[in-house]
Amino acid sequence: MSVEELKQIAKAMVAPGKGILAMDESHPTCGKRFKALGIPETEEMRQAYRDMLVTTEGLSDYISGAILFDETIHQTLLDGTPFPKYLSENGIIPGIKVDAGAHPLAGHDDEKVTEGLDGLRTRLNEYYDLGARFSKWRAVITIGDDIPSWACIEANAHALARYAKLSQEAGIVPIVEPEVLMDGTHSIERSYEVTELAQRITFQHLRNQGVLMEGMILKPSMVISGVSASSRADVETVARETVRCLMNTVPATVPGIAFLSGGQSDEEASSHLNAMHNLGIDLPWGLTFSYGRALQHASMTAWGGDSANVSAAQKVLLQRARSNGKAALGDYSADAEKAA
Ligand code: 5MM
């Protein structure tokens, strides 16, 4: 695949008013979400659930791409159509999570490094043949009294850069996801400090490995107060600080930035993105969403593992996708969503 094709795919992933559906939960994460709703944690249920998500009529009006898990990219829909084939025939670019999860970082209690580089070149070529045109790798950075350590930031940035270059070599657009967790009591100022550092060092490593800026997407967390902080910054402040951070770290040649929701409520995730588009700042890159929970949670709850609820659950998913699509244009209103 040519550089031009990588650029085109990256651009299509962040087309105006569209974002990415993160439906790449590993078995433990998917199991946790199913268990909380009393849904059996089986392969058949994961297939039925993800079939429900992707067959939502009109989804491609707001969703440009879907990130799949290894199991899903090898699975078929209930009617026998392979997931990647169905997605691309229905206007949604298939993507794939390629990391092997965050594991304890040696010598650094409470910190993690994402693994999965061994054999990655071969896996990427296989995923390309299965139809994947973008990939995703998530690094996890925790804020605490004495963390993150330099070792954690460096190790994760290096792995992200190696992964990104391997993806581009395989003709696949990498989504680079350095997630700074919301867990904790930290202030928004501390969130800014850590997020800016993580992004800055990640881009240093991306450049060191020769990653093509025009052929990648950044998937960051927002600059936001810790979920257990005694007082939490308001929507306007989160939007302003997040954009200020990105302006300081992300080259203007990167075509797009697609946020994770990270445990924010549905309304918060949409309101923050919406506010970023109403700051009166001319943004050099596309700015959109790549939400997992903030797109899926309400829909999964409505579905509850019962095929009788498919159409109700799809309605909920479409509403969340539409709201976030509007937020990506600065046109979202929480009140209008409630009324709908
Ligand atoms: C959908 O969840 C993704 C996979 O997580 P695990 O590897 O832990 O199972 C996750 O990477 C997700 O893509 C991002 O965190 C964004 O999801 P949220 O829910 O934070 O928007």
Side-chain angles (χ1 to χ4, degrees), residues 13 19-37 41 43 46 49-50 53-54 62-73 83 93-104 112-116 123 132 134-142 156 159-160 163-164 173-183 191 195 198 217-224 226-227 238 242 256-273 287-301 317 320-321 323-325 327-328:
M13 288 165 69
I20 297 160
L21 169 62
M23 47 178 285
D24 58 316
E25 295 84 357
S26 56
H27 293 338
T29 305
C30 187
K32 193 166 79 184
R33 310 234 193 285
F34 275 11
K35 197 172 174 186
L37 297 168
E41 299 165 50
E43 181 177 346
R46 289 192 293 271
Y49 173 64
R50 287 162 171 160
L53 293 177
V54 305
Y62 313 105
I63 297 294
S64 57
I67 316 172
L68 306 177
F69 183 58
D70 179 73
E71 176 183 81
T72 321
I73 203 169
F83 269 89
I93 307 167
I96 180 76
K97 180 234 287 296
V98 300
D99 66 66
H103 296 268
K112 293 190 166 166
V113 63
T114 301
E115 296 183 357
R123 286 196 293 126
F134 70 91
S135 59
K136 192 202 81 174
W137 177 292
R138 171 174 171 252
V140 180
I141 291 145
T142 307
N156 277 299
L160 279 166
Y163 138 78
V173 171
I175 295 186
V176 171
E177 181 179 0
E179 175 172 8
V180 177
L181 295 179
M182 269 171 74
D183 303 350
S191 170
T195 308
I217 300 293
L218 179 72
K219 175 165 173 168
S221 41
M222 296 180 192
V223 174
I224 191 166
V227 75
V238 170
T242 301
I257 297 170
F259 292 103
L260 58 93
S261 56
Q264 298 179 45
S265 70
D266 292 358
E267 188 180 319
E268 276 178 322
S270 305
S271 299
H272 287 144
L273 176 60
L287 197 65
T288 187
F289 60 92
S290 171
Y291 296 155
R293 282 162 287 183
L295 278 169
Q296 291 186 54
H297 178 71
S299 177
M300 189 190 283
T301 306
L317 174 67
R320 285 273 68 228
S323 289
N324 287 307

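Every number for a ligand or one of its atoms is a count from 1 in the order of the listing. Just so you know, these numbers come straight off a predicted model, no measurement behind them.
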Contact summary for T114 and A139, nearest pair of heavy atoms: OG1-CA, 3.4 Å
Minimal non-hydrogen separation, I67 against I20, with atom names: CG1-CG2, 3.7 Å
Working for salt bridge (Lys or Arg N to Asp or Glu O under 4.0 Å), residues E25 and R50: CA-CA 11 Å; E25 295 84 357; R50 287 162 171 160; 3.2 Å; yes
For ligand 1, which atoms, with element, lie under 4.0 Å from some heavy atom of [X]?
{"X": "E179", "value": "15 (O)"}
{"X": "R293", "value": "18 (P), 19 (O), 20 (O), 21 (O)"}
{"X": "Y291", "value": "21 (O)"}
{"X": "S26", "value": "6 (P), 7 (O), 9 (O)"}
{"X": "A22", "value": "1 (C), 13 (O)"}

To check your reading of the model: name the closest protein heavy atom to [atom], its residue, and the distance in Å.
{"atom": "atom 5 (O) of ligand 1", "answer": "K97 NZ, 3.8 Å"}
{"atom": "atom 8 (O) of ligand 1", "answer": "T29 OG1, 3.0 Å"}
{"atom": "atom 15 (O) of ligand 1", "answer": "E177 OE2, 3.3 Å"}
{"atom": "atom 21 (O) of ligand 1", "answer": "S261 OG, 2.5 Å"}
{"atom": "atom 1 (C) of ligand 1", "answer": "D24 OD1, 3.3 Å"}

Under 3.5 Å: N/O of G292 near N/O of ligand 1: yes
Any donor-acceptor N or O pair under 3.5 Å, side chains Y291, S270: no
Polar side-chain atom of S265 near backbone of E268 as donor-acceptor pair, under 3.5 Å: yes
Donor-acceptor contact below 3.5 Å, side chain R320 vs main chain A294: yes
Pairing residues for T242 by the side chain to side chain contact (heavy atoms under 4.5 Å, CB included) criterion, not counting sequence neighbours: M222, V223, V238, L246, F259, M276
contact_flag G262 ligand 1 heavy-atom lt 4.0 Å: yes
4.0 Å heavy-atom contact, K136 with ligand 1: yes
Interatomic spacing from CE in M300 to SG in C30 - rounded to 0.5 Å: 5.5 Å
Qualifying residues under side-chain hydrogen bond (donor to acceptor under 3.5 Å, both in side chains), relative to D24, sequence neighbours excluded: K97, K136
